[in-house]
Amino acid sequence: MSWHVEVDEHTCIGSGMCASLMPEVFALDGAVAHTVISEVEGDETVLDAADSCPAMAITVTDGGREIGPRP
């Protein structure tokens with residue numbers, strides 16, 4: 001099961017929460033975060049990163065269906 005992860009660079013405020021949780025998936029690039037890899041194996045920590053983003057800039061999809069951030 002592969003999930004697609006995106007960071008909206010226009011929404012990101014560069015808090016670094018995502019990079020702290022999953023440095024293998026997210027990295028800070030100047031004032032904003034970006035994905036190191038955009039396709040990941042299903043992992044609850046990716047959803048935690050999306051949930052913890054204060055700007056709600058991370059989207060996780062599974063087969064085109066948005067699964068993160070969670071409500």
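Residues Met17 and Val60 fall into different hydrophobic clusters, defined by Ile, Leu, Val, Met, Phe, Trp and Tyr side chains chained together at heavy-atom separations under 4.5 Å. Hydrophobic clustering of Ile, Leu, Val, Met, Phe, Trp and Tyr side chains at less than 4.5 Å, counting indirect connections, unites Val40 with Leu21.
For the atom pair CG (Asp29) and SG (Cys12), the distance works out to 10.0 Å, reported to the nearest 0.5 Å. Annotation: the span from Met56 atom CE to Ile13 atom CD1 amounts to 12.0 Å, rounded to 0.5 Å. Rounding to the nearest 0.5 Å places NE2 of His34 at 11.0 Å from CZ of Phe26. The OG atom of Ser38 sits 8.0 Å away from the CD atom of Glu6 when rounded to the nearest 0.5 Å. Between the CG atom in Asp48 and the SG atom in Cys53 there is a gap of 13.0 Å [rounded to 0.5 Å]. Atom CE of Met22 is separated from atom CD1 of Ile58 by 10.5 Å, given to the nearest 0.5 angstrom.
In this structure, Thr11 and Ala55 approach most closely via the heavy-atom pair CG2-O, 3.2 Å. Across all non-hydrogen atoms, the minimal contact from Ser20 to Pro23 is O-CD, 4.0 Å. Residues Ser15 and Pro54 come closest through the heavy atom pair OG-CD, 3.5 Å.
Checking each of Thr61, Thr59, Leu47 against Ile67 for a side-chain contact (heavy atoms from CB on, under 4.5 Å) leaves exactly one that passes, namely Leu47.
Within a 6.0 Å sphere centred on CD of Glu9, heavy atoms belonging to other residues, nucleotides or ligands number 12 at most.
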